[in-house]
2 protein chains.
Amino acid sequence: MIDSDETMTIRQMCEAFDVTPRTLRFYEAKELLFPIREGQKRLFTKRDRARLKLILRGKRFGFSLEEIRQLLELYYVGDQQQTQLQATYGIAQERLNDMESQRDELNEAITDFKTQLDWLGKVIASNADLPAAAE
Amino acid sequence: MIDSDETMTIRQMCEAFDVTPRTLRFYEAKELLFPIREGQKRLFTKRDRARLKLILRGKRFGFSLEEIRQLLELYYVGDQQQTQLQATYGIAQERLNDMESQRDELNEAITDFKTQLDWLGKVIASNADLPAAAE
DNA sequence: CGTACTCCTTACGTTAACGTCAACTTTTGC
DNA sequence: GCAAAAGTTGACGTTAACGTAAGGAGTACG
């Protein structure tokens with residue numbers, strides 16, 4: 001045990017985030033996570049946990065893993081070239097626009113949905129009064 | 001031509017919504033759309049267009065086609081049984097909760113992302129001043 | 001020492017959501 | 001009246017995101 005503190009085994013990760021081992025290995029293969037190795041075994045760091053949280057969040061928004069991978073790069077900008085950073089910045093702005101328009105759409109959809117649900121509630125309420133032979 | 005008004009051919013639909021014919025036939029097979037037939041050919045009604053709009057919107061929120069199909073049923077409640085309506089109402093409320101929590105998460109993510117983007121902007125700005133050999 | 005976990009890699013299977021291609025009919029322009 | 005265009009139905013191919021099963025290695029404990 002090099003540093004059993006701060007790192008987690010694959011099982012612990014699975015329980016903490018409600019995913020399968022296969023999923024974590026898959027994410028590593030796709031370069032979304034970078035667990036360190038102790039011999040054969042994977043040890044997931046705090047950084048991996050932060051990334052996984054973002055991955056799972058991204059998935060709920062309908063992003064693909066590849067898109068998420070690109071987003072994650074933004075969170076871990078190392079010592080890149082200036083031009084690279086510029087490009088990254090541009091991509092980031094596009095993503096932000098995507099997310100904001102998605103939020104706006106979602107709000108619209110929620111409003112619609114609420115209206116529909118209210119109406120449905122009324123239908124149920126009114127039907128409940130009838131002798132079951134209307135129309 | 002039974003009523004060339006109000007209805008659209010598959011091509012017109014494709015151009016209007018930027019999808020392929022295959023997609024529309026697929027959605028029909030999955031009972032998401034119900035174009036009428038003039039001989040062999042499909043004719044898409046106003047109802048189909050409304051549904052397709054909702055389908056495409058739903059997809060951007062990460063809903064599966066099957067989930068979307070269930071949602072669409074809510075918009076076209078016919079003469080169902082009272083108990084059916086009750087069940088539908090319950091499902092609808094769950095969906096609404098899903099959408100609202102998804103929106104909240106999205107807002108949080110947007111906030112995070114903006115912070116990150118601001119920081120990135122500063123990195124770029126400060127780097128621009130340096131002689132390219134810092135750290 | 002054995003067997004019981006937990007982990008590993010390799011590799012084939014699965015589902016959703018279409019793409020693509022072949023073979024055929026129907027409609028349309030000239 | 002006939003070729004091109006547009007539409008149709010199979011049927012197989014493809015990609016993403018894992019599931020699942022086989023076989024092996026290291027560690028733990030009774």
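Proteins come first, then strands; the chains are lettered A, B, ... in the order of their sequence lines, and each starts at number 1. As a basis for the values below, the full set of heavy atoms in this structure was taken, side chains included, without hydrogen atoms, waters or symmetry mates.
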Gap between atoms CE and P, on Met8(A) and dC7(C) respectively (whole Å): 11 Å
Side chains of Leu85(A) and Val123(B), heavy atoms from C-beta outward: is any pair under 4.5 Å? yes
Residues at least two apart in sequence or cross-chain that pass salt bridge (charged side-chain N to carboxylate O under 4.0 Å, His left out) with Arg103(B), listed by chain then number, are none
In the 5'-to-3' direction, what one-character label does each nucleotide of nucleotides 17-27 of chain C receive under the scheme B = base within less than 4.0 Å of a protein heavy atom, S = sugar-phosphate only, - = no such atom? BBBB------S
Output all residues satisfying side chain to side chain contact (heavy atoms under 4.5 Å, CB included) with Thr20(B), sequence neighbours left out; order by chain, then residue number. Arg22(B), Thr23(B)
Could you state the CD-P distance from Glu67(A) to dT15(D), rounded to the nearest angstrom? 17 Å
Side-chain N or O of Arg11(A) versus OP1/OP2 of dC7(C): is the shortest distance under 4.0 Å? yes
Under 3.5 Å, side-chain donor or acceptor atoms of residues 88-100 of chain B against the rest of the protein: list the pairs with distances, not counting sequence neighbours.
| unit_1 | atom_1 | unit_2 | atom_2 | d |
| --- | --- | --- | --- | --- |
| Thr88(B) | OG1 | Gln84(B) | O | 2.9 |
| Glu100(B) | OE2 | Lys114(A) | NZ | 3.3 |

Partner residues of Arg57(B) under the salt bridge (charged side-chain N to carboxylate O under 4.0 Å, His left out) criterion, sequence neighbours left out: Glu108(A), Asp112(A)
Kindly state each residue pair satisfying salt bridge (Lys or Arg N to Asp or Glu O under 4.0 Å) with at least one member in residues 43-52 of chain B, sequence neighbours excluded. none
Rounded off to whole Å, could you give me the CG-to-P distance for the Leu24(A) and dT6(C) pair? 16 Å
Mind checking Arg25(A) for me? I need base, sugar-phosphate or nothing, with any heavy atom below 4.0 Å counting as a touch. base
Send over the distance from Ile68(B) CD1 to dA16(C) P, rounded to a whole Å. 14 Å
Let me know the distance between CG of Leu43(B) and C1' of dG7(D), rounded to the nearest Å. 11 Å
